[in-house]
Structures are given as C-alpha cells and as structure tokens.
Amino acid sequence: MRIVLTRRDDAPAWMALVSPLIAVALTLLSGAVMFALLGLDPLKALGVYFISPISDGWALQELAVKATPLILISVGLSLCYLSNNWNIGAEGQFVMGAIFGGWVAIATHGAANGPWVFPAMMLAGMLGGAALAMIPAILKTRLSVNEILTSLMLVYVAELLLDWLVRGPWRDPKGFNFPQSVMFDKEAQVMRLMADGRINLGTPIAIIVVVIAAIMMARTLKGFEIRLVGAAPRAARFAGFDEKRLTWTVFAISGALAGLAGIIEVSGTMGQLQPSVSPGYGFTAIIVAFLGRLNPIGCLIAGVVLAITFIGGENAQISLRLPLDVTRVFQGMLLFYVLACDAVLNYRIALVRTGGAAA
Amino acid sequence: MLPAPPLIEARTVVKRFGALLANDHVDLSVAEREVHALLGENGAGKSTLVKILYGLLQPTEGTLLWQGAPFSLRNPAEARQRGIGMVFQHFSLFDALTVAENVALALDGNESVARVSDRLAEVSRAYGLPLEPGREVWRLSVGERQRIEIVRCLMQSPRLLILDEPTSVLTPQECEGLFATLERVKAEGCAVLYISHKLEEVRRICESATILRHGKVVGNCDPRQESAASLAEMMVGSKVAPARHDRLTTAGEVRLAVTGLSLPSPDPHGTSLREVGLEVRAGEVFGIAGVAGNGQDELFAALSGEMLAEAAGTIRIDGVATGRLGINARRLMGGAFVPEERLGHAAAPAFRLSDNALASGHATNGFVQRGMIDRAATRVWVERVVKAFDVRKGPRDPEAKALSGGNLQKFIVGREILRNPRLLIVSQPTWGVDAGAASLIRQALIDLSRSGAAVLVISQDLDELFEIADRMAVIFHGRISSPLDTEGLRREAVGLLMGGAGFAADAVDEAA
C-alpha cells in the first residue's frame, strides 16, 4: 500500500482562508488532549494559555510588543517565500539588526544626543539585517549555493558574534561583570506609547510596514514580479524580470525588516544588548508567514495568534507550573496542522495497492 | 467457421481523470498482422487509450480482450510479457550509456550486456535498422534514438507494437525508413497500432483506422479509401479551410538581421548556435524548419533576448544592434515573441489571463503607471484579445491553465499580434492545438505579415511552413541553411537539409 496525492484543481478559493482556521482549531483540540494527559483541567489550562493573554489592557500591550517583531519579520519572509527564496535565517538577521543598531546606541552613549539617534539606530539595524541576508543571496545567485543552509547557518554566526561582543568589547564596565552592554540613553530607546505599559512605537511601525507591503503585493509591478518569479520562473524571464536581482531584493528587504525588528526589540523592551536578544522570533516568524498565507494582512493576524502562544506559555509557567517547552509544542503543532490542512484541502488522498499502476 | 478474434480489443473503455472524461466508452479492435491507425487531434484521448493498452493506466470501466479472452494489465511489465511493445513519443534513454546498455536496462530479464549486444545487432540487421550497440546515446540523432526504442521492443518478439506519434521527430527521409521497417514488422506477424494526426502517412501505411474526437470514437474506416480532407473532417468534426495566402509581391526592408551569431547553450544537452545568419523582411513570413533539438530553443532565446548574445551587432532590429538588450527593450522596439511552451513559459498556469497579459505587456501596453498596475486596463486588453481571436474561456478572467490548449494559444498569439508588432518571432505556433485554432492562428500570422510586419516562424511541422512561409531555412546542429523560396520548393530538398545534407562537413561530422 502507498499513499498517492493528486492535486485538486477545483479547490475553491475560500479554502485558503478556512484552512488556517481549521488548523488553529485542531491545535486547540490537541492541546486540550495534551493538558488532560498531563492531569490538568483542559479548559482551565487553555484559558490560561489563550484567554489570559487577551484579558486586560496590560496583557494586550504585552501581546502587541510580542506580535510586533513576528509581524515585521514574517512580512519580509513572505516576500522571499513567494518568490522561491527560502530565507530561514531571519533569527540571525534579527540579531544582526540588534548588533548594528545597538552599536549606534553604545557609541553615542553619554554624549548629549539629539533626536537623530533613534532613526539612526533603526537605519543601522536595517542595514545590519540586510547585510547578513545578502550573504546567502549572493552565494545563491553567484555560486548556486543552497540558501536554506547558508541562511540558517549564519544564524549561529550572528548569535555568537553578539555573545562575544557583550562579554568582551561592549560589556558595561560598571555592570558588575554581567555579560551585557550599558543601558541605552533615553534618546536611544523606542518611544513608549502608554505610561503604564510596554507598548512602543514599534507596533505602529509594523502596521505601516504591513500596509505598504499589502499595497506593494496587490498593486505594484514589483509585487507582480515577486509572485510571477515564484510561480513560473520561465514565464518571469519571458516577462523580462531578472530573477537574480529579485533574489537580492527580497533577501535585502526581509533582512532589513528582521534587523528592524531586532533593534526595536532591543531598544524598546530590553534597553541594552544581552547575550540573547530573541526567544526565537526569527524562527516563529516562519510559522507566522505560512499561517498568514504569505499575505501581509494575514501575517498581521497570524503574528497576533503566535504572540498569544508566547505569552500564554509564560503565564502557564507561572500559574500551571508547566515548562516553557509547551510553547514550542504549541507552535510546532500549529505549523504541522497548517501544512497538513493545506495538503488535505488541496490534494485528493488515495490509498493505492502496490503493484498497480506504475505511472 | 467463425472469423479469428481480433488480436486485441477494447470494449466500452472509460477513463476518467477527476472531472475530465478522457475516454468515453471507446471501442477499438486491432486484427492480427494489421497496421491500425488511431487518429485524432491533440487531446482527443489517443494517448490515454494506448496507455491503458500498455498497462500504464487502469481503465475506469470497460474490458480488454486478448485474442477474444478478457484480460487485465496491472503494469507495463505484464503488457510486455503478453507481447505488447510501445515506442513513446518522448524517449526514455540515458544519454551517457551505450545503445546496448540502454536496451539491457530496459529488458525485463537479466541478460549480460554482451549477450544483449549480440541479439541487438542481429535484430537490427534483420529489420534493416542500423544501430551500433557500442555507441553512446548522446552521439545519436533523434531518428537513431527512435530506432533504439523500436529495436528494444522488437527484441521481445512482440505481437503488437504501439507507436505514439513516431514521425513527429523525423525528417521525411527518416520517415521513409520507418515505414519500410513497419512493413517488415508486419511481415513477421506483428500487428501495429499507429497513433498519429498526420493524415497523409496514415493513408499510406495503415489498413484500418479508428478516429477519436473528444474522447469518443467517431468513426472507423479504411484510410486508403479516404482522402486526407475526409479524414480531417472526421477528426475535427467540420471542414478545415487551408490558410488564405496571397503570394508575396514586394518584400520590404530588412527588419531582423542576424549575422555570425554564435552562442553556447546553457543546457549541457542543448545545442549551441554556430555562426547563424538570416534576414527577415517586412511583409514576409520566414520559416525555420528542422527536427526538434537542433537549436530551435536557443535561437528563440537569443532572438527574444531571454539569452543575451555575446556581441550587440549580431542581432539587429531595424538596423539597430540589439544583441545585448533584454526582452523588454526589444519589445519597445516593436518586437513581439511567442515561445513554444504555452504553460510555464508563455503563460503562468495559475495566473489569470489579465495577469498573463500584464506579464508580456507591462513594458509596452501602458498597463503600469509609476510602478502601479492598472488592473482595469489589463482586463480591457484581455477582452479585446478574446474578441479578436475568438478565445473561448468561460468565466470572465480565468486562470491560464483552465483554458484548452487551442484557446490559450489563441490568447497568447493574440496578445502579441494585437499590439501591432513590427517583428513577430513565434516558435511552434500551432503545436498541440486543435485544427480550428491552428488555422485561425496561421491566418493571423499571414495577415500580420501582409500588414507590413516581419514574421519569423520556427516550426517542426513542415506542412505548416509550406502553408504559411514565403521563404524558409533549415536549422541543423545550431547552424542555419541559406534561405529557400517556398514557391516551387520540393519537400525532399528540405528533408535532406533537415537531415544535415548540404551543411558544412564539420557539422555533419558532429552529427555522425
């Protein structure tokens, strides 16, 4: 016996929207089973996980803070994935953005700085992320090196570079030998929007990015080029689009957005560089991109959903004494169900007895 | 005494692919020692039917009988055991292996290569199919490759030999050789099922014919008793008018001039262009004939600008050196291009027609203003093409893959012609297209040229070129012959060129 998948050409368009909803429902159901097996009341546990993060104003602000980097990164990744460029290294580009942007803050530390410091940091962060992302892009176009491997491996390069910097040259001399940089000056921190919470300017920036990306994909020739190169590369060449140049462009954009997310995270919520600056945003954003159908608006919604799992995981640690790994389990299940639902809805599945048709 | 039952018979065979009914209660019977034609347009269900007879597909309904007894085939190996051999349109040969190694791999037993090699030499001699067992396949011409496939089948002493469009890759002379072989195969007691849409050759070599249209059998006849026109009518379901063609009176100025164009193929199994030279004038249709794989793809890529030439001056449009310009720059100079592959090259399968109009027209048609797409303009353009070229498409703006081959081809050709190009370069304009669409497209190409454009048609269909081209040249191993006037031209002369006769000696050496 073997399983044969045949593509359904008649899959209706609404399925593309329903499929992620089914995936979320199945994730919740599996989560309930998992909690029951762990001896917890499934409803209460799911409540802690998925309701408490959206239950009050403070929690909603936390949600926005967590969703912001996910949205920024996943919008960039969507452009890559739509055009058949498999950038898996957004985590590293995020860290590199934090390093470049952080350098501006550390270099200007203590000097009487004007309002230019913050934009300069954002710009440096974007440059850092884009620079790291260009390495796999150039290797791919010049030497046909697989970008999945190179972009992924560069994550560790960026993380180790940050680790070395905060333990070595950038360590705060007055920091009691802790591996961390100086606290950034007030001018070098992202503006908070509320007096009583952590929501900051990063969130509106992410929303603006979503809007720009949505317009670009729907209305501009560049968006058309991205979709065409991914869907039919030969037809794209016939249309006169340069596939290599586009690879550079989308890697640069997605790297820049990951870098921007990195510097916003560091200067907005931490206020300094530490050995680790990300709970895995760059990887989780891959799930966000696919859950959001590689669509900017979809990424906005999916980013919020995944942010809930981060905060729910923290809450569950405190009130249910569950390990943080449960968060990973939820994220993994979600990605699995998204891909599985797509497969089941887009393909007809049949069991075929072996020895039958060889075609 | 009852007459002997047919060798193989298919009764009310139905094959369904999802919503598509590829074979709709088809009956077919082939007698012993008979050369039987299976006629039909592309998409009529011929290939589906023979794949069922060869065990590659399972019928949804219906029965197969072998000498009167029902049987079923679970896979091609079972078909071969029964004595059914098949030569496919696209060969499955390993380029790097020798002829004997390829044959040994495909045989179901485990004979040594040396033993296979001896038997192969024997069979190829007996049937007059010269082959050297020790030669690597990549050195062989397409015709020789087909011989390997035929010999491979004959070595299993088949009772029924199925040939799928065998002459589509052959020169006229190679076709003659094939026909002689089939005579011998028949004399040895083997029946032949011959799939084709070429009526003249079916009339010559087949004793009976089954005609398919839209998955149904629409007739059985003895093709020797029919005329090509009556066969075509049965195949298509209506009368087909040949393209109206006034003789060219005055050739205009040179629109496209190619001189000394040499270009290595990026594909290791592709054909490099060598010192290609040709001129296409305003007002004429210029044909490039040739057997598949002689550099047609590379020539199209070089002329369209998908692949850049090494020197700008080797390709000139209206006298301007364009060899180093991309495809959109050439479009802006009045060039228009229709590649061979409809889905995936000329059109993106999952994109709507309006997006496919945008793909080839974004530089020239005013669809884009300051980077923003004018969707309404692309839809209006689609409607114009649809109306002018009779594209039947169902919904308002369907995806390209939802159209039939003929309708999509009309759209793809139409979207270029409606731009009133000064130069149109088109490859295989009617490949795999139904006869109605083919005649509309051919007429459109002629009309475009008569309105003052230069039209270059690259085609492997010699009948097509004789119908529409004013002049033609032959491409062989990346070289192009001197141009020939179609009027008064003999097919044999073109056939010889297609086989490499008359080309520089070194080109022929490489072929041998």
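Throughout, a chain's letter reflects where its sequence line sits, starting with A, and its residues are numbered from 1.
- If you measure heavy-atom distances from B:Arg331 to chain A, the contacts under 4.5 Å come from the side chain alone.
- For B:Arg375, the part lying under 4.5 angstrom from a heavy atom of chain A is the side chain only.
- Counted within 6.0 Å of NZ on A:Lys140, heavy atoms from surrounding residues, nucleotides or ligands total more than 12; the atom is thus considered enclosed.
- Sparse packing is recorded around CZ of A:Phe336, with 12 or fewer heavy atoms of other residues, nucleotides or ligands lying under 6.0 Å away.
- Once rounded to the nearest 0.5 Å, the distance linking CD1 of B:Ile327 with CZ of A:Phe241 reads 11.0 Å.
- Of the two parts of B:His362, only the side chain, counted from C-beta on, holds a non-hydrogen atom closer than 4.5 Å to a non-hydrogen atom of chain A.
- Heavy-atom distances place no part of B:Phe367 under 4.5 Å from chain A, backbone and side chain included.
- Each of B:Pro339, B:Ala350, B:Pro349, B:Ser304 has some count of heavy-atom pairs under 4.5 Å with chain A, and the biggest count is that of B:Pro339.
- Cation-pi geometry between B:Arg342 and A:Phe238 is not met at under 6.0 angstrom from the ring centre and within 45 degrees of the axis.
- For chain A, the nearby parts of B:Asp355 are the backbone and the side chain; heavy atoms of each come within less than 4.5 Å.
- Ranked by non-hydrogen atom pairs under 4.5 Å with chain A, the options B:Arg330, B:Glu341, B:Met372 are led by B:Met372.
- The minimum heavy-atom distance linking B:Ala348 with A:Ala232 is given by the pair CB-CB, 3.8 Å.
- Contact residues of residues 210-228 of chain A toward chain B are A:Ile215, A:Ala218, A:Arg219, A:Thr220, A:Leu221, A:Phe224, A:Arg227, A:Leu228 (heavy-atom distance under 4.5 Å).
- Closest approach of B:Glu306 and A:Arg234 over heavy atoms only: OE2-O, 4.2 Å.
- Contact between B:Ala359 and A:Ala239 at its shortest, heavy atoms only, is O-CB, 3.0 Å.
- Looking at B:Glu399, neither its backbone nor its side chain comes within 4.5 Å of chain A, counting heavy atoms on both sides.
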